[in-house]
Asker: 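Just dropping this structure here.
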There are 2 protein chains.
Amino acid sequence: MKTRDKILLASLELFNEQGERNVTTNHIAANLAISPGNLYYHFRNKSDIIYEIFQEYEKLVDFYLDIPENRPMTLADMTFYLESVFDGLWSYRFFHRDLEYLLDRDPRLRKDYREFTNRCLASISLIFEKLADSGIIEPQPESLRAAMSLNVWLVITNWMAFLKTAHAEQASACLTLRELKQGIYQVLTLEIPYLTPAYREQVLELREKYRPTMPEQEGEQEAPVN
Amino acid sequence: MKTRDKILLASLELFNEQGERNVTTNHIAANLAISPGNLYYHFRNKSDIIYEIFQEYEKLVDFYLDIPENRPMTLADMTFYLESVFDGLWSYRFFHRDLEYLLDRDPRLRKDYREFTNRCLASISLIFEKLADSGIIEPQPESLRAAMSLNVWLVITNWMAFLKTAHAEQASACLTLRELKQGIYQVLTLEIPYLTPAYREQVLELREKYRPTMPEQEGEQEAPVN
DNA sequence: GACTACCTAGAGTATATACTCTAATAATAC
DNA sequence: GTATTATTAGAGTATATACTCTAGGTAGTC
């Protein structure tokens, strides 16, 4: 693999594990056993590395959320979208953690992320629309759909932060993809009241599969050590 | 005012304006025209300043979310809770921005914040319960109420981050309390399907008051300059 | 073999930042 | 008034971090 790609890969891994703020360019170089000079030969600065990683993320999610216009949407489709989005969140999980700081630092990123958000919101809204077309959820006026989509987005993008802050131990270490996907439970919670009788039970069953196993919100009870 | 209190006040203000990450202890001292030594006489380190500010925040929200058990809940109560929580978010808005980093840095804060979250979730759930008692929303099983409360929490705590990232300009400068309170619109959106016919119109009217004036999600249209 | 384009090492630098240390000054107690 | 305690100034430090610079190696081509 080319050094340039190795740098991107190692950066992503370190960022995800330790947070962008805690990973220096020197760390990245050391991790790859290359010199800082070498790293800066391939990237002008740290921002450029982050920007390029973001573009990968963007591309991935855009790919997942490309809604086919020519056929009705099934429950399986919806599940796929949800699973995919959370997979994406997981793979680039460092990004949402330090989002505001990163956007303040890099105007390119701010602009791109803003457009990315709008595309995602549009996709979510389209999904709702097509779910209504398929008779899975009741159709809703456009304005409500927009507000609902925004809520879905807020839940999705904030779920990981919630998990990390709800954990007793340090955030980075103990978080699994499985736990992250319990966010799907929360998203489906939003849909419940809009489900048609025909699909209600099916979706509720699907939702159960993502029900948190560990009691997340009842944090008072620490795990007994002995 | 005592120097100690001035430090807390100036720190909060600077943190809110520029983000904790961008405000150094030297900045705080300079802002107050005192010496760094003086600052460190009053606080052992930066973490202690942040921790103390958090405790103020906690106290404030706990005060707001103290639900009276002995009387039914009115729409006015609900409005008050929503307004208050967003006021609190505004006054201590730096906190949620760098939350994960702060919690990683200070175990006390992690523990306290975790318990704080649980108290808030319990309050939200209690509010739903009492709203059902008052016939404002339909009663729901406890498990659904818990999931709904968590969604409300996610929307509330992530709304500001969304606003900042949706803005085209740098985050810190252009954000008003008024815009922040449009988050109430999103929270009320979550309630819509559960409203009883008797209160539906009233709540929808209330919700309209918080409807975003500027088109937030249609970011493509930049303001025409000429 | 020599030219070129690409790649790499590693020491080094400017700047920032959290924090310390000493000494001096103000406030208070007796 | 004097002893003590609380407060303050301000220079200074250890460490970190993003990034630079120079020199040299490697691979392919003719």
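Sequence lines set the chain letters: A, B, ... in the order given, protein chains first and strands last, and positions in each chain run from 1.
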Asker: Examine the side chains of A/Tyr101 and B/Asp98 and answer whether a donor and an acceptor come within less than 3.5 Å of each other.
Answerer: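 Note: A/Tyr101 and B/Asp98 side chains miss the donor-acceptor criterion.
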
Asker: Parallel under 30°, tilted from 30 to 60°, perpendicular over 60°: which one fits the rings of B/Trp153 and B/Tyr113?
Answerer: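 Plane angle between 30° and 60°, so tilted.
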
Asker: How large an angle, rounded to 10°, do the end axes of the helix from C/dG1-D/dC30 to C/dC30-D/dG1 enclose when each is built from five base pairs?
Answerer: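 Roughly 10°, once rounded to the nearest ten degrees.
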
Asker: Run the side chain to side chain donor-acceptor pair (under 3.5 Å) test against B/Thr24 and tell me which residues pass, sequence neighbours left out.
Answerer: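 Testing B/Thr24 for side chain to side chain donor-acceptor pair (under 3.5 Å), a comparison that skips the adjacent residues, returns B/His27.
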
Asker: Mind checking whether B/Tyr57 and B/His96 have parallel, tilted or perpendicular rings, split at 30° and 60°?
Answerer: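 Perpendicular.
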
Asker: Which parts of nucleotides 14-20 of chain D does protein reach within less than 4.0 Å, heavy atoms only, written one letter per nucleotide 5' to 3' as B for base, S for sugar-phosphate only and - for none?
Answerer: ---SBBB

Asker: Strictly below 4.0 Å: does B/Ser35 bring a side-chain N or O up to OP1 or OP2 of D/dA9?
Answerer: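 Answer yes for this pair, as a side-chain N or O of B/Ser35 is under 4.0 Å from OP1 or OP2.
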
Asker: Using atom CG of A/Leu32 as one end and atom P of C/dC7 as the other, report the distance to the nearest whole Å.
Answerer: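 The answer, rounded to whole Å, is 15 Å.
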
Asker: Which pair of non-hydrogen atoms, one from B/Gly183 and one from B/Trp159, has the smallest distance, and what is that distance?
Answerer: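 That closest heavy-atom pairing would be N-NE1, 3.1 Å.
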
Asker: When you measure from the side chain of B/Thr3, which nucleotide among D/dT8, C/dC7, C/dA9 comes out closest?
Answerer: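 Out of D/dT8, C/dC7, C/dA9, the nucleotide with an atom closest to B/Thr3's side chain is D/dT8.
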
Asker: How are the rings of A/Phe94 and A/Phe15 set relative to one another: parallel (under 30°), tilted (30 to 60°) or perpendicular (over 60°)?
Answerer: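 Rings of A/Phe94 and A/Phe15: tilted, as their planes differ by 30° to 60°.
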
Asker: Between A/Tyr41 and C/dC7, does any side-chain N or O lie under 4.0 Å from OP1 or OP2?
Answerer: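 For C/dC7, OP1 or OP2 has a side-chain N or O of A/Tyr41 closer than 4.0 Å.
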
Asker: Does atom CZ of A/Arg108 have more than 12 heavy-atom neighbours, drawn from other residues, nucleotides or ligands, at distances under 6.0 Å?
Answerer: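 Count over threshold, so yes.
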
Asker: For B/Glu83 and B/Tyr210, test the side chains for any donor-to-acceptor distance below 3.5 angstrom and give the result as yes or no.
Answerer: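 Side-chain D/A pair, B/Glu83 to B/Tyr210: present.
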
Asker: Using a 4.0 Å heavy-atom cut-off, does A/Ile34 contact any base of the nucleic acid, only the sugar-phosphate backbone, or nothing at all?
Answerer: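 Sugar-phosphate contact only - A/Ile34 comes under 4.0 Å of backbone atoms but never of a base.
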
